[in-house]
Enquirer: 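The structure's right below; bear with me while I get my questions together.
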Amino acid sequence: MAPHDIRRPFKRAAISDQQKRRELSLLRQAQNRRDAQQQARCLASSILSLQSAAPESQPEQSDTEIETVPESEQESEAFSKDLDVRQASKLRGPEVRKWFARQLMLPEWMIDVPDRLAQDWYVFARPAGKRCFVVSSNGTTVSRQRNGSILHHFPSALPAGAKIRGGSGSAQSYCILDCIFHELDQTYYVIDMVCWNGYSLYDCTAEFRFYWLNSELEESGACNAPSHYHKFRFSAVPVYNCDSSGLYSAYTGVVPYAKDGLLFYNKHALYQTGNTPLALVWKDENCSQYVIDTDGKGEIPSQQQVVLELQDDRKLVTSDDPPVLFGCLDGDIIEKMGSLRRLI
């Protein structure tokens, strides 16, 4: 057989669009991390060189040169995000809604099987309930939903989460937890940790964040039963390696909450705000009770209904987590809808 007649016995599998975006997201996060580290090294070396080169008779000149670098540029992007969360808790109206809508890490729907699923991914059963940010700071704890509205304002056993007589703590101590509030047992199930006791975890991998979450949350007393200084109980969800055993446990295992699908997290992914292909969600009739609508008797109606949200960019999306895009309205239709509202 001639060399040019040799054919491969099989075709190379095509890489899906979601897999490409997963690879690009990991590369982008790694590059951003290297850039931040390099910036920190350059900043440290420049400050040290300025201090060593400045003559002792002119100390004020050294101080002036150092202060020309704005403090905001010296801080990492992750630390700025932490400060923004505490400041955003004071916002009101549409501003707070828009801000919080961009802060949570939202999964994409799972449309293919990621490469190295068993080695590089976690899986856990998602609790049914309201997704929210829980922020503890200055002796109080506030939970805010995705739309920015306050869900609860309460004392908690989280660091800086309650004003306890005789208690002491740093003014910079605060926590940011990514939670789902489960109505049936009045429990905040923590699915991710963004900041703990003033230490930012934005630039930490999911593998480290989950380890830190399980080790620190129990020790803080936040998992204890509710009390005067601890109104709601917190609990970590059981997380498994995404091999056959872990998938089976997450899919069929008994948990103390109602399931609403499975969540898959890449072990190497940083906490990325907005939608990301490094977090995936799967739902079917066996692991979620919200796959299809039922009536008051639990029966499936002949027609399914859906409530859509009209966004500022004229897109129609569902209120799912993550939202599903249905389409886009023309400007003429929106103007007619506005005229109709004015008549009513």
Side-chain angles (χ1 to χ4, degrees), residues 75 78-93 95-97 99-101 103-105 127-202 204 208-239 255-257 271 273:
E75 297 173 342
F79 188 68
S80 299
K81 290 178 182 177
D82 296 342
L83 293 178
D84 288 343
V85 170
R86 293 185 293 173
Q87 294 170 355
S89 298
K90 303 177 183 178
L91 297 176
R92 295 293 182 271
E95 292 182 355
V96 69
R97 177 187 177 278
W99 193 92
F100 272 90
Q103 301 312 307
L104 289 170
M105 184 168 72
K130 298 177 181 177
R131 181 85 179 273
C132 56
F133 252 156
V134 177
V135 182
S136 64
S137 178
N138 296 324
T140 188
T141 306
V142 178
S143 59
R144 285 187 179 269
Q145 301 182 71
R146 283 183 55 190
N147 61 2
S149 62
I150 295 179
L151 179 60
H152 294 127
H153 197 153
F154 60 101
S156 73
L158 297 172
K163 295 180 180 179
I164 303 176
R165 182 177 300 176
S168 61
S170 171
Q172 297 300 323
S173 177
Y174 58 97
C175 291
I176 306 169
L177 302 178
D178 188 344
C179 301
I180 295 176
F181 182 70
H182 193 249
E183 293 277 358
L184 295 178
D185 58 4
Q186 294 289 289
T187 299
Y188 279 96
Y189 286 95
V190 187
I191 63 173
D192 211 333
M193 179 180 283
V194 182
C195 177
W196 183 259
N197 206 11
Y199 179 76
S200 173
L201 299 174
Y202 273 103
C204 298
F208 179 81
R209 296 198 309 271
F210 288 173
Y211 163 76
W212 201 250
L213 166 61
N214 285 280
S215 62
E216 296 295 324
L217 190 66
E218 185 71 30
E219 294 179 2
S220 69
C223 299
N224 297 339
S227 62
H228 179 70
Y229 292 106
H230 182 56
K231 188 173 182 180
F232 296 102
R233 187 173 70 92
F234 288 77
S235 178
V237 298
V239 179
V255 288
Y257 50 81
Y271 195 93
T273 58

Enquirer: Between Tyr188 and His182, is a side chain to side chain donor-acceptor pair (under 3.5 Å) present by the stated rule, with each step listed?
Expert: CA-CA 6 Å; Tyr188 279 96; His182 193 249; over 6 Å; no
Enquirer: Please assess Thr141 against Ser136 for the test side chain to side chain donor-acceptor pair (under 3.5 Å), listing each intermediate value before the final yes or no.
Expert: CA-CA 4 Å; Thr141 306; Ser136 64; 5.0 Å; no
Enquirer: Rounded at 0.5 Å granularity, tell me how far CG in Leu104 sits from CG in Asp192.
Expert: 10.0 Å
Enquirer: Within the structure provided, determine whether Val134 and Asp178 are in side-chain contact (heavy-atom separation under 4.5 Å).
Expert: no
Enquirer: Could you measure the distance from the CD1 atom of Ile150 to the CZ atom of Arg144? Nearest 0.5 Å is fine.
Expert: 4.0 Å
Enquirer: Roughly how far apart are Met193 CE and Asn214 CG, rounded to 0.5 Å?
Expert: 8.5 Å
Enquirer: Please report the C-alpha distance between Tyr257 and Thr187 in whole Å, then the side-chain angles of each, then the deciding distance to 0.1 Å, and finally whether the side chain to side chain donor-acceptor pair (under 3.5 Å) criterion is met.
Expert: CA-CA 9 Å; Tyr257 50 81; Thr187 299; over 6 Å; no
Enquirer: Name the orientation class of the two ring planes belonging to Phe208 and Tyr211 (parallel below 30°, tilted from 30 to 60°, perpendicular beyond 60°).
Expert: tilted
Enquirer: When rounded to the nearest 0.5 angstrom, what is the spacing between CG in Leu201 and OH in Tyr271?
Expert: 11.0 Å
Enquirer: With ring centroids as reference points, do Phe181 and Phe232 lie under 6.0 angstrom apart?
Expert: yes
Enquirer: Let me confirm one number: the SG-NZ distance from Cys179 to Lys130, rounded to the nearest 0.5 Å.
Expert: 14.5 Å
Enquirer: Backbone N or O of His230 within a donor-acceptor pair of the Ser156 side chain at under 3.5 Å?
Expert: no
